[in-house]
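None of these values were measured; they are calculated from a predicted model. Reminder, nothing fancy here: chain letters follow the sequence lines and each chain counts from 1.
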Amino acid sequence: MLDIKIIREREPDVRRALQLRRSSADLDSVIALDKERRAALAEVESLKNQRNVTSKKVGELKKAGQDIQEIQKTMREVGDRIAEYDQKVRELEEKLNQALLRIPNMPHASVHEGSDAADNLVVRTWGEPKSFSFEPRPHWELGEKHRLFDFERAVKMTGAGFPLYTGRGALLERALVQFLLDFHTREHGYTEVSPPFVVNAASMTGTGQLPKMAEDMYHIPLDGLYLIPTAEVPVTNIYRDEIIREPLPIYLTAYTPCFRREAGAAGRDTRGLIRVHQFDKVEMVKFVEPETSYEELEKLVKDAEEVLQRLGLTYRVLQLCSGDMSFSAAKCYDIELWAPAHKGWLEVSSCSNFEDFQARRAKIQYRNKDGKTAFVHTLNGSGVALARLVVAILENGQQADGSIELPEALWPYMGGLKRIE
RNA sequence: GGAGAGGUGGCAGAGCGGUUUAUUGCACCGGUCUUGAAAACCGGAGUGUCCUUACGGGCACCGGGGGUUCGAAUCCCUCCCUCUCCGCCA
């Protein structure tokens with residue numbers, strides 16, 4: 001969330017940021033509630049001061065054997081007024097907090113203005129869309145031919161959008177996870193973690209999924225838990241409510257499945273693996289000092305890109321415009337893979353700098369050079385998302401005879417298998 | 001799931017209704033001493049929030065929430081978590 005002080009002191013900047021984001025968030029309420037809250041707070045605190053001072057005196061008078069009945073009576077009334085005002089402050093605080101949690105982050109100065117995905121900029125492209133001497137077949141046909149997954153039976157056991165990988169398909173999935181984790185830990189200096197796949201509401205609020213995205217998540221009301229939509233949630237929350245002791249930056253990487261209800265996307269890309277309710281992902285998360293966070297963002301994108309280079313896949317990097325960025329991000333790049341049969345680009349990574357937006361929500365601090373506590377900057381990026389990565393590998397690797405050539409980097413992870421035929 | 005014990009500042013560990021602005025030790029920072037360091041001694045130090053141009057001051061914080069009281073770390077209720085034992089189990 002934004003610092004209420006920034007909203008107080010730089011209201012025009014915040015309004016401009018909301019406008020850039022095409023956000024209709026209610027800033028007026030925030031400002032009004034803040035004013036009311038401070039007025040009530042001043043009132044109740046002066047009453048409490050009176051109580052503290054008097055109570056101390058009561059102790060002394062009592063010890064001296066003096067009559068304190070009259071004072072007690074007065075102070076009982078003061079106590080009632082305190083209770084009244086305390087209640088009022090609590091209510092205002094709660095309302096303010098709820099309103100504040102719905103104000104999105106401010107875009108960084110380097111983010112260009114735009115309304116939606118159509119305004120995103122292609123920053124660079126690596127490789128070229130592959131040309132085929134035959135009509136490339138879509139990944140679901142290739143998968144069916146080689147029995148890499150079984151969507152029909154998955155529907156029977158769970159429902160649409162929950163893939164069942166079989167045989168070499170399952171092996172490919174596992175190989176990719178291991179390849180990605182090895183790559184980031186060995187070559188990019190990340191430390192591997194393996195977190196819980198369900199988290200509580202406080203964690204979801206800390207990273208910004210709640211309250212806004214509640215309908216997009218799988219919820220277990222009996223235990224008050226949520227299935228994670230990304231490893232970003234548990235991994236970022238590792239340091240929630242802490243002053244980090246170890247030196248920054250901290251680089252973490254994690255494999256987790258990701259669960260998404262895709263509530264607003266019913267009917268889109270329903271075929272195959274392109275939009276599913278459960279997919280695997282290897283995520284990268286960074287905790288850094290504020291001064292370095294934009295350098296770190298560039299490095300993060302490169303880390304994700306290198307994976308795709310090693311796999312020999314064609315991709316492009318987009319810089320998102322102000323209106324297309326996620327709620328918590330100050331700046332964001334997407335990476336998209338070319339899928340020949342899909343005849344389009346598939347998003348497999350999103351790399352964001354949240355600055356102190358998540359850290360403030362989740363209270364993740366460190367000690368700066370002056371020894372003062374300050375909020376860290378958090379970043380994360382997919383490194384990368386599977387399912388769509390599998391789509392690209394299958395569609396790009398297919399040969400005229402229907403076999404599929406696998407990227408060389410995967411051979412050791414596939415038990416030496418170089419080609420699916 | 002059953003029974004018991006316990007959650008206090010970076011750590012250890014007192015306090016169980018009113019000079020507690022939370023005792024003390026370790027760790028930390030500054031100073032004295034020393035060629036330098038250690039030891040010793042002296043001093044300092046938490047987090048958040050509100051008021052103030054500033055100096056400074058107020059309020060809150062002893063797992064979370066609520067209650068009793070003029071006054072709660074301390075008493076009561078409730079929830080969460082940790083540990084020990086028993087049961088069940090991959």
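Among the protein residues, A:R81 comes within range of no part of the nucleic acid, since none of its heavy atoms lies under 4.0 Å from any strand. Across all strands shown, A:T74 has no heavy atoms under 4.0 Å from either base or sugar-phosphate atoms.
Taking a 4.0 Å limit (strictly below) on heavy-atom distances, residues 85-100 of chain A reaches RNA chain B at A:R90.
Base pairing of B:U82: its partner is B:A5, meeting the Watson-Crick or G-U wobble criterion (both donor-acceptor distances under 3.5 Å). Shown here, B:C61 forms a base pair with B:G46; the pair counts as Watson-Crick or G-U wobble because both key distances fall under 3.5 Å. Using the Watson-Crick or G-U wobble rule with both distances under 3.5 Å, B:U69 pairs with nothing in any strand shown.
Applying the 4.0 Å criterion to OP1 and OP2 of B:G17, one finds that A:S55 has every side-chain N and O outside that range. Taking only side-chain nitrogens and oxygens, A:R38 comes nearer than 4.0 Å to OP1 or OP2 of B:C51. For B:G48, one of the phosphate oxygens OP1 or OP2 lies less than 4.0 angstrom from a side-chain nitrogen or oxygen of A:Q365. Residue A:R51 places at least one side-chain N or O closer than 4.0 Å to OP1 or OP2 of B:G71.
Applying the ring-ring contact (aromatic ring centres under 6.0 Å, His included) test to A:Y190 and every residue at least two apart in sequence or in another chain returns A:H184, A:Y251.
For the pair A:H146/A:E141, no side-chain contact is recorded, criterion being any heavy-atom separation below 4.5 Å from C-beta on.
Residue-to-nucleotide proximity on RNA chain B shows that, of A:R37 and A:T54, the 5′-proximal contact is made by A:R37.
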Between N or O atoms, less than 3.5 Å apart, protein on one side and nucleotides 56-58 of chain B on the other: list the pairs.
from  : atom 1 : to    : atom 2 : distance (Å)
B:G58 : O3'    : A:N49 : ND2    : 2.8
B:G58 : N2     : A:E45 : OE1    : 2.3
B:G58 : N2     : A:E45 : OE2    : 2.9
B:G58 : N3     : A:E45 : OE1    : 3.3

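Spacing between B:C33 and B:C41 at atom C1', rounded to whole Å, works out to 9 Å. Taking the C1' atoms as reference points, B:C77 lies 24 Å from B:C83, given to the whole Å. Taking atom P on both B:G7 and B:G13, the two are 10 Å apart, rounded to the nearest angstrom. For the C1' atoms, the distance from B:A37 to B:U32 is 15 Å, rounded to whole Å. The separation of B:C61 from B:G4, taken at their P atoms, amounts to 31 Å, rounded to a whole angstrom.
Taking both residues in full, the closest heavy atoms of A:R261 and A:H277 are given as O-CE1, 2.9 Å, listed atom of the first, atom of the second, then distance.
Judged purely by distance below 3.5 Å, without hydrogens or angles, the side chains of A:Y413 and A:D182 pair a donor atom with an acceptor atom. A:T166 and A:R147 form no side-chain donor-acceptor contact under 3.5 Å, judged by distance and modelled atom types alone.
Checking B:U47, B:C50, B:C70 against every side-chain atom of A:R367, the shortest atom distance belongs to B:U47.
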